A.B. asks: 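Have a look at the structure that comes next, please.
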Amino acid sequence: MNADIRFYFDPVCPFAWMTSKWVRQVQAQRDYTVDWRFISLRLINADVDYDAQFPREYEAGHTAGLRLLRVAARARAEHGRDSLGALYAAMGRHIFDGAADWPTHRPEGELREERGTREFAEPILAEAGLPVELAQALDDETWDAEIQQETDEALALTGKDVGTPIIHFSPPEGVAFFGPVISRLPDDDSAVELWDHVVGLASFPGFSELKRSLRERPQLAAFGVDTDSAGQQEDWHGGSRRHKK
């Protein structure tokens, strides 16, 4: 598929979701196309000791993300690449924008694990206009090779010390970067201005990185942060990887 950008996402990454919403804002105002592709946090961390390096609930969340990517891979195979935009949008809304409605007394790990179930996936597929039978792919590991291939493809563009999302500008010749990581969604005018600044940096062949690990919690219901507030600032490292308290 010829596209202006390739956007590599894991559906359970909150910062990928925030960035994707910004990309869609700009897409609505500019005449360009997006090819939605896969990158799996679970496959990236296949050899990582989760107990030692992540908060307790991360392994369940990353595993659920891989399971949802299997569904997305089957949807793409059977219904075309254009199906992924609506499917990822539905996934993100259910995971992050509606998560404040979930029962708060349940363990976080249990809630994250639930995202990899048919009970969770089937309403999302229906919302995206896709057959609910695609949820059968949740347990189908034959899709993992394809997801691994695109994960490797993304990391080959940026190097391995990155998180999600990864955006490839003007593929195949253009440059790719991790991020931008944003915690607040800009208004429409600011969204386009930010886009032009990011593309300007990406267009300079000598530009490599602009980064800090201090981040606000994103303006998402799943984090208890509304669009009129700034989330608590935390020190992240390695993308989704955070120092344990």
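Predicted model only: the values in this text are computed from it and were never measured.
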A.B. asks: Taking ring pair (Phe, Tyr, Trp, His ring centres under 6.0 Å) as the test, write out the residues that go with Tyr8, two or more places apart.
C.D. replies: none
A.B. asks: Going from CG on Leu69 to CD on Gln148, what distance comes out if it is rounded to the nearest 0.5 angstrom?
C.D. replies: 11.5 Å
A.B. asks: From Gln29 CD over to Asp31 CG, what is the distance, rounded to the nearest 0.5 angstrom?
C.D. replies: 12.5 Å
A.B. asks: Please name all residues satisfying side-chain contact (heavy atoms from CB on, under 4.5 Å) with Arg81, sequence neighbours left out, ordered by chain then number.
C.D. replies: Met1, Asp35, Arg37, Arg76, Glu150
A.B. asks: Mind checking whether Leu220 and Asp97 have side chains closer than 4.5 Å, heavy atoms only?
C.D. replies: yes
A.B. asks: Check whether Gln25 reaches the backbone of Pro186 with its side chain - one donor and one acceptor, N or O, closer than 3.5 Å.
C.D. replies: yes
A.B. asks: If we ignore hydrogens and angles and just use 3.5 Å, is the side chain of Gln27 paired with the main-chain N or O of Thr33 as donor and acceptor?
C.D. replies: no
A.B. asks: Arg24 side chain to Gly85 main-chain N or O, any donor-acceptor pair under 3.5 Å?
C.D. replies: yes
A.B. asks: Tell me which pairs pass ring-ring contact (aromatic ring centres under 6.0 Å, His included) where either residue lies in residues 198-222, with sequence neighbours left out.
C.D. replies: Phe177-Phe207
A.B. asks: State whether the side chain of Thr164 and the backbone N or O of Phe9 hold a donor-acceptor pair below 3.5 Å, judged by distance alone.
C.D. replies: no
A.B. asks: Check whether any side-chain N or O of Ser83 sits under 3.5 Å from a backbone N or O of Gly80 as a donor-acceptor pair, and report yes or no.
C.D. replies: yes
A.B. asks: Once you round to the nearest 0.5 Å, how far does CD of Glu153 lie from CD1 of Ile39?
C.D. replies: 10.0 Å
A.B. asks: Do Ile182 and Val192 sit in one hydrophobic cluster, given that two such residues count as connected whenever their side-chain heavy atoms are within less than 4.5 Å of each other, even indirectly?
C.D. replies: no
A.B. asks: For the atom pair NE2 (His197) and CG (Leu210), what is the distance rounded to the nearest 0.5 Å?
C.D. replies: 12.5 Å
A.B. asks: Tell me if a side-chain donor or acceptor on Thr19 pairs with a main-chain N or O of Pro180 at a distance below 3.5 Å.
C.D. replies: yes
A.B. asks: Once you measure the plane-to-plane angle for Phe96 and Trp17, does it fall in the parallel (<30°), tilted (30-60°) or perpendicular (>60°) bin?
C.D. replies: parallel
A.B. asks: Could you check whether any side-chain heavy atom of Leu130 comes within less than 4.5 Å of a side-chain heavy atom of Arg74, counting everything from C-beta outward?
C.D. replies: no
A.B. asks: Out of curiosity, does Val199 fall in the hydrophobic cluster containing Ile167 (side-chain heavy atoms, cut-off under 4.5 Å, transitive links)?
C.D. replies: yes
A.B. asks: Could you give me the CA-CA distance, side-chain angles and deciding distance for Ile124 and Val71, then say whether side-chain contact (heavy atoms from CB on, under 4.5 Å) is met?
C.D. replies: CA-CA 11 Å; Ile124 289 172; Val71 175; over 6 Å; no
A.B. asks: Any side-chain to backbone donor/acceptor pair from Gln53 onto Val48? Under 3.5 Å, distance only.
C.D. replies: no
A.B. asks: Is Ile166 close to Leu155 at the side-chain level, that is, under 4.5 Å between some pair of heavy atoms?
C.D. replies: yes
A.B. asks: For the SG atom of Cys13 and the CE atom of Met18, what is their distance to the nearest 0.5 Å?
C.D. replies: 11.5 Å
A.B. asks: Taking the side chain as everything from C-beta on, heavy atoms only, tell me whether Glu59 gets closer than 4.5 Å to Arg42.
C.D. replies: yes
A.B. asks: Would you give the length of the straight line joining atom CD1 of Ile147 to atom CG of Leu66, rounded to the nearest 0.5 angstrom?
C.D. replies: 5.0 Å
A.B. asks: Take Trp36 and Leu87, measure what side-chain contact (heavy atoms from CB on, under 4.5 Å) needs, and give me the verdict at the end.
C.D. replies: CA-CA 10 Å; Trp36 303 98; Leu87 180 56; over 6 Å; no
A.B. asks: Under the ring-ring contact (aromatic ring centres under 6.0 Å, His included) definition, can you give me all pairs with a residue in residues 142-165, not counting sequence neighbours?
C.D. replies: none
A.B. asks: Take Arg70 and Glu146 through the test salt bridge (Lys or Arg N to Asp or Glu O under 4.0 Å) and record every step on the way to the result.
C.D. replies: CA-CA 9 Å; Arg70 292 169 182 164; Glu146 181 176 336; over 6 Å; no
A.B. asks: Determine whether more than 12 heavy atoms belonging to other residues, nucleotides or ligands lie under 6.0 Å from atom CG of Asp187.
C.D. replies: yes
A.B. asks: Only counting residues at least two apart or in another chain, list the ones meeting ring pair (Phe, Tyr, Trp, His ring centres under 6.0 Å) with Trp195.
C.D. replies: Trp22, Tyr32, Phe169
A.B. asks: I'd like to check the side-chain contact (heavy atoms from CB on, under 4.5 Å) partners of Asp139; sequence neighbours left out, ordered by chain and number.
C.D. replies: Arg67
A.B. asks: Heavy-atom distance under 4.5 Å between the side chains of Glu57 and Glu113, does that happen here?
C.D. replies: no
